[in-house]
Amino acid sequence: MMLFLQFLVSGFVTGCFLILATIGFSLTRRVEGFLNIAHAELIGVGAFTCWGLNALLGVHVVVAAVVAIVVTAFLGLFVGRLVYDPIRRFGPAVLLITSVGVAYVIGGTLDGVIGTGIRTLDIPLATTYRIHGLRITDYQLVMVALAALSAIALAVFLNATKVGLAVRAMADNPGLAASRGIDVATTSRITWLLASGLAGLAGVMLAVTATLSTDIAFHQILQILAVAILAGLGSLYAVIWSGLIVGICMDVSVYWIPAGYRPLIAFAVVILVLLVRPQGLAGARAS
């Protein structure tokens, strides 16, 4: 029983990472209107930028993390303006296919610059705390805290700020938002910065809590898609519950089956839920 509870704790932490990894993806999906597969590679950019500054240049991990998030945010904006905006008129299918190409370009660049092998940050070993026999590290607690703060901050931003309301208006109906005087171009740029910055934050936490290889980011896209589909591909708030459900189910499944099947569990959960609720957790509107 204690082992099962330990997997439950681990799954909750995994779910918090999936929240960080998916919430920016879903934000892009709502506002820009397509599935940005390259979002996963932005996570890799955040992770390896933090690693390069910290492990190679000796920059303190907090400073390296902030720089990595900013770099990733502006890279996402640059790609959005340079690649996606000129072909937006061709529709979401073309944008989706293009994003796959962008993902390969970014991933290939990381491979060429960094090379193969395992990388770790130059940070102290994690401190493990025991609570009623259950283990959790200080870095995992940071992951949980950042996921909670990011979700709360995004909710406040979208509901209580002028820019956030403009983002919501664009997500609901870009044409109507433009007719009501909303600067669509500026709102789009803000969305790219915010979504890509969240990807950078997820990458930083991936670097802190795991060993890095250049293909680790692309592997995240399957889990990100699973969480986003389960949420309904529309609701930012449902992403929180979806991330926790997928994360917990993947890690708890190790109690019964080999760990190598964890990624399959994510889609098994999605299929089972969609059989009962085809519109996803967010409801009909999100579909």
Side-chain angles (χ1 to χ4, degrees), residues 1-23 25-26 35 37 39-41 43-44 47 103 107 116-120 125-126 128-144 146-148 151 199 202-203 205-233 238-282:
M1 183 61 181
M2 189 60 67
L3 181 59
F4 177 84
L5 292 176
Q6 184 62 59
F7 284 135
L8 189 64
V9 171
S10 175
F12 184 81
V13 175
T14 299
C16 288
F17 169 75
L18 291 176
I19 291 171
L20 289 175
T22 309
I23 202 165
F25 177 85
S26 292
L35 300 175
I37 302 302
H39 184 85
E41 291 299 338
I43 295 175
T116 59
I118 300 299
R119 308 287 192 275
T120 59
L125 294 176
T128 300
Y129 302 102
R130 291 183 178 271
I131 304 173
H132 300 294
L134 300 175
R135 300 184 304 277
I136 190 168
T137 69
D138 50 352
Y139 296 145
Q140 289 176 324
L141 290 173
V142 170
M143 176 91 79
V144 173
L146 285 176
M205 291 314 303
L206 190 63
V208 169
T209 57
T211 56
L212 296 176
S213 61
T214 52
D215 62 350
I216 194 172
F218 193 76
H219 291 165
Q220 307 302 317
I221 192 59
L222 296 178
Q223 297 175 25
I224 290 172
L225 283 171
V227 173
I229 292 170
L230 183 60
L233 287 177
V239 168
I240 298 172
W241 292 109
S242 299
L244 293 177
I245 290 171
V246 171
I248 289 173
C249 288
M250 284 198 306
D251 282 17
V252 168
S253 68
V254 180
Y255 187 75
W256 295 286
I257 63 177
Y261 291 99
R262 285 176 71 253
L264 298 179
I265 296 300
F267 282 97
V269 171
V270 171
I271 292 170
L272 290 175
V273 172
L274 294 184
L275 286 174
V276 179
R277 192 177 177 85
Q279 70 272 33
L281 297 182

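Computed over heavy atoms, backbone and side chain alike; hydrogens, waters and symmetry mates excluded. Remember, it's a predicted structure, so these values are computed and weren't measured experimentally.
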*Check for a donor-acceptor pair, side chain of Q140 on one end and backbone N or O of T137 on the other, with a separation under 3.5 Å.*
yes
*Could you tell me which non-hydrogen atom of L18 sits nearest to which non-hydrogen atom of G247, and how far apart they are?*
CD1-N, 3.8 Å
*Taking side chain as C-beta onward, heavy atoms only, is V227 less than 4.5 Å from F25?*
no
_Which atom of I118 lies closest to which atom of S213, heavy atoms considered_ = CD1-CB, 4.2 Å
*Report yes if some heavy atom in the side chain of D251 is under 4.5 Å from a heavy atom in the side chain of R262; otherwise report no.*
yes
_S253 side chain to M250 backbone, donor-acceptor under 3.5 Å_ = yes
_I need the minimum non-hydrogen distance between I248 and F12, along with the two atoms involved._
CG1-N, 3.7 Å
*asked:* Within the structure provided, determine whether I245 and V269 are in side-chain contact (heavy-atom separation under 4.5 Å).
replied: yes
*Criterion side chain to side chain contact (heavy atoms under 4.5 Å, CB included) on F4 and W256, from CA distance to verdict*: CA-CA 10 Å; F4 177 84; W256 295 286; 3.6 Å; yes
*Tell me, do I136 and R130 make a side-chain contact under 4.5 Å, heavy atoms counted?*
no
*asked:* Are Y255 and L8 packed together at the side-chain level, in the sense that at least one heavy-atom pair is separated by less than 4.5 angstrom?
replied: no
*Measure the spacing between CD1 of I224 and CD1 of I229 and express it to the nearest 0.5 Å.*
11.5 Å
*Do you know which two heavy atoms are closest between C16 and L244, and how far apart they sit?*
N-CD2, 4.2 Å
*Any chance CG of L275 has more than 12 other-residue heavy atoms, nucleotides or ligands included, within less than 6.0 Å?*
yes
*Is a donor on one side and an acceptor on the other found under 3.5 Å between the side chain of H39 and the backbone of A21?*
yes
*Please name the pair of heavy atoms, one in R135 and one in V9, separated by the smallest distance, quoted to 0.1 Å.*
O-CG1, 4.1 Å
*Quick one: are T209 and F17 in side-chain contact, heavy atoms under 4.5 Å?*
no
*Does the S242 side chain pair with the main chain of A231, one donor and one acceptor, at a distance under 3.5 Å?*
yes
*How close do C249 and I265 get, heavy atom to heavy atom, and via which atoms?*
O-CG2, 3.6 Å
*How far does CD1 of I240 sit from CD1 of I23, to the nearest 0.5 angstrom?*
5.5 Å
_In the structure I gave you, are the side-chain heavy atoms of L230 and V246 within less than 4.5 Å of one another anywhere?_
yes
*Going through the checks in order, is the side chain to side chain contact (heavy atoms under 4.5 Å, CB included) test met by I221 and E41?*
CA-CA 9 Å; I221 192 59; E41 291 299 338; over 6 Å; no
*Is there side-chain contact between I43 and L206, with at least one heavy-atom pair below 4.5 Å?*
yes
